[in-house]
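What you see below is based on every heavy atom in this structure, not just the backbone, and it leaves out hydrogens, waters and symmetry mates. Chain letters run A, B, ... following the sequence lines, proteins first and then strands; every chain starts at 1.
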Amino acid sequence: MRIIFMGTPDFAAKILQALIQAGHDIVLTLTQPDRPKGRHGAAQKSEVRKLSEDYGIPVLTPERLKSDEAAKEAMRSSGADVAVVAAFGQLLPEDVLAIPKHGCINVHASLLPKYRGASPIQWAVLNGDGVSGVTTMQMDKGMDTGDILEQLIVPLDDKETGGSLFEKLSSSGAELILHTLQSLSEGKLEPKPQDDSLASKVGLIKKEDGHINWDDSAIRIERMVRGMNPWPSAYTFIHGKQVKIWEAGVLEKEELPKGASFALFLNGDGKMADRQGKQEGKPEERPGSIWISGERIFVFCGTGLLEILSLQMESKKRMKADDFLRGNMAFLKGNGQ
RNA sequence: CGCGGAGUAUAGCAGUCCGGUAGCUUAUCUGGCCCAUAUCCAGAUGGUCGCGGGUUCAAAUCCCGCCUCCGCAA
């Protein structure tokens, strides 16, 4: 089949890779223009663009497909049977949807109609879902509202992170789109409309979404630690320095080891909080209090206790809690600089 | 040439400003204590101070170049 591929990041590149390996004829690729990225501010090609160029596939990078007549003309003249879209980053206008003979098929990283929108993978982890999956659907003018073609369910692991689920769903997505295209060529697809009453919508995850609110429950924060990994990561501030938390465990407050000692109190800006507040219980047990026991680090949360297993100070490498304590006790206590 | 931090023993750090015998915690090994222990005590092993030049009687430290890692920003 002659296929136009539209996508941008890693997730899309994996789908494209699978299509190429399966022997499909990719006649044209559309992806986002090169964006500044990385430490030196240089514009970088998207993953999809790199892959396409490696295989000698023509690439277009329309800033706004909606008003880019040249790109539309290229699509028309390609004579494509179908367009496969994965994390393209632009809403497709209706006239574009109609260009390929069989329309545009989207690979979406959730079990639609759940998690329509931009960050379905992270939200599955953030919400503690037991399963997620991938969906292929016939695109229409809405945001992930088209008829469902096929779905594949993927179970989540207890320690699932955004990154690990991403890996699972991209390979499942690749598998599913190949199957869907096979079904399409055999005329066996049965599009099913989505049940809008079950729909949920998720927005793009932003850096700020990784900022931990210690008033939340330990359970929720631990999910956040996993869901925001590897980006934007769950973080807090200690003495004004950003600290990312990479691994954490959930405990009950009663499980705080007896020998533990209070180290410091956190709040949003990393300064010592007002201890005269009218919160319940001892001030050292309010949400955001850090306790140290031997080589372990604990933080009181709104509900429960979070043990920090591995973390990363800004400008530093990720390290285990015991390693962190080894050389940072002075910093924690504020004695250092 | 976007802004900034960092590279010192297995690991985490101090020391660099102000040049003068390589330090701390941990790990490892040995011994002690103990019914026993991830506890405690004593001792030992272990480092081309990222790489290459330069200055100097003398460089982890000062100067120049390079490599690598990381945070921000996108």
Side-chain angles (χ1 to χ4, degrees), chain A residues 7-13 31-50 59 61-64 87-90 117-119 121-122 161-163 166 203-212 224-249 251 255-264 266-271 290-299 305 307-337:
Chain A
T8 300
D10 215 50
F11 180 81
T31 188
Q32 293 276 18
D34 300 352
R35 305 284 188 209
K37 204 179 177 183
R39 232 165 238 125
H40 303 291
Q44 302 254 316
K45 296 174 180 179
S46 76
E47 292 302 313
V48 164
R49 178 166 184 186
K50 284 188 220 161
V59 180
T61 58
E63 190 69 51
R64 292 190 71 225
F88 178 49
Q90 291 187 36
S119 305
I121 298 178
Q122 286 94 329
T161 65
F166 178 94
L204 190 64
I205 301 271
K206 299 184 300 291
K207 173 71 182 176
E208 174 59 25
D209 295 325
H211 195 154
I212 295 171
M224 195 165 142
V225 167
R226 288 186 289 113
M228 297 300 182
N229 174 342
W231 193 90
S233 79
Y235 59 91
T236 187
F237 290 90
I238 298 178
H239 297 313
K241 299 234 185 212
Q242 187 189 68
V243 179
K244 293 181 174 180
I245 296 174
W246 290 112
E247 288 176 80
L251 299 172
E255 293 181 83
L256 183 71
K258 288 221 171 99
S261 62
F262 174 74
L264 76 157
L266 296 175
N267 62 11
D269 57 11
K271 293 179 184 163
I290 297 187
W291 288 63
I292 308 293
S293 171
E295 302 184 326
R296 304 170 72 188
I297 305 172
F298 304 89
V299 187
L305 191 65
E307 175 170 9
I308 296 177
L309 300 171
S310 90
L311 67 165
Q312 178 178 24
M313 286 255 293
E314 67 179 54
S315 293
K316 296 292 189 178
K317 291 184 180 177
R318 180 189 305 201
M319 62 186 82
K320 298 283 184 191
D322 58 338
D323 284 337
F324 175 79
L325 290 176
R326 205 98 60 209
N328 291 95
M329 279 308 280
F331 167 71
L332 266 188
K333 303 254 183 190
N335 295 336
Q337 40 170 275

> Heavy atoms under 4.0 Å, any strand shown: does A:K320 hit a base, just sugar-phosphate, or nothing?
Replying inline: nothing
What integer distance in Å separates [X]:[atom1] from [N]:[atom2]?
X: A:M313; N: B:rG4; atom1: CE; atom2: C1'; value: 14 Å
X: A:L311; N: B:rG71; atom1: CG; atom2: P; value: 13 Å
X: A:K37; N: B:rG2; atom1: NZ; atom2: C1'; value: 17 Å
X: A:I292; N: B:rU25; atom1: CD1; atom2: P; value: 19 Å
X: A:E208; N: B:rA74; atom1: CD; atom2: C1'; value: 17 Å
X: A:Q312; N: B:rC69; atom1: CD; atom2: C1'; value: 11 Å
X: A:F331; N: B:rU25; atom1: CZ; atom2: C1'; value: 18 Å
X: A:Q242; N: B:rG71; atom1: CD; atom2: P; value: 9 Å

If [N] has a Watson-Crick or G-U wobble mate with both distances under 3.5 Å, name it; if not, just say none.
N: B:rA6; value: B:rU68
N: B:rU37; value: none
N: B:rG20; value: B:rC57
N: B:rC29; value: B:rG43

Could you measure between the two [atom1] atoms, the one in [N] and the one in [M], and give it in whole Å?
N: B:rC18; M: B:rG2; atom1: C1'; answer: 34 Å
N: B:rU21; M: B:rU61; atom1: P; answer: 14 Å
N: B:rG5; M: B:rU45; atom1: C1'; answer: 34 Å
N: B:rU8; M: B:rC3; atom1: C1'; answer: 27 Å
N: B:rG43; M: B:rU48; atom1: C1'; answer: 28 Å
N: B:rC66; M: B:rA59; atom1: P; answer: 24 Å
N: B:rC49; M: B:rG23; atom1: C1'; answer: 12 Å
N: B:rU30; M: B:rG46; atom1: C1'; answer: 15 Å

> Has the side chain of A:R39 got a donor or acceptor that lies under 3.5 Å from a partner of the other kind on the base of B:rG2?
Replying inline: no
Show the distances under 3.5 angstrom between N or O atoms of the protein and N or O atoms of nucleotides 10-13 of chain B.
unit_1	atom_1	unit_2	atom_2	d
B:rA11	O2'	A:D323	OD1	3.0
B:rA11	O2'	A:D323	OD2	3.0
B:rG12	O2'	A:D323	O	2.8
B:rG12	O2'	A:G327	N	3.3
B:rC13	O2'	A:G327	O	3.4

Shortest non-hydrogen separation from [X] to [Y] and the atoms involved:
X: A:E47; Y: A:A13; value: CB-CB, 3.8 Å
X: A:E247; Y: A:K320; value: OE2-NZ, 3.6 Å
X: A:E295; Y: A:L325; value: C-CD1, 3.6 Å
X: A:Q32; Y: A:Q90; value: OE1-NE2, 3.4 Å

> Want to settle it: does A:E295 or A:S315 sit nearer the 5' end of RNA chain B, counting the closest nucleotide to each?
Replying inline: A:E295
> Could you give the distance from CG (A:L256) to CZ (A:F262), rounded to the nearest 0.5 Å?
Replying inline: 12.0 Å
> Do any pairs count as a salt bridge (charged side-chain N to carboxylate O under 4.0 Å, His left out) and have a residue in residues 225-237 of chain A, sequence neighbours left out, and if so which ones?
Replying inline: A:E222-A:R226
>> Holding to side chain to side chain donor-acceptor pair (under 3.5 Å), I want the full list of residues that pass it with A:W291, two or more places apart in sequence or in another chain.
In response: none
>> Are more than 12 heavy atoms, taken from residues, nucleotides or ligands other than A:K37, located less than 6.0 Å from that residue's NZ atom?
In response: no
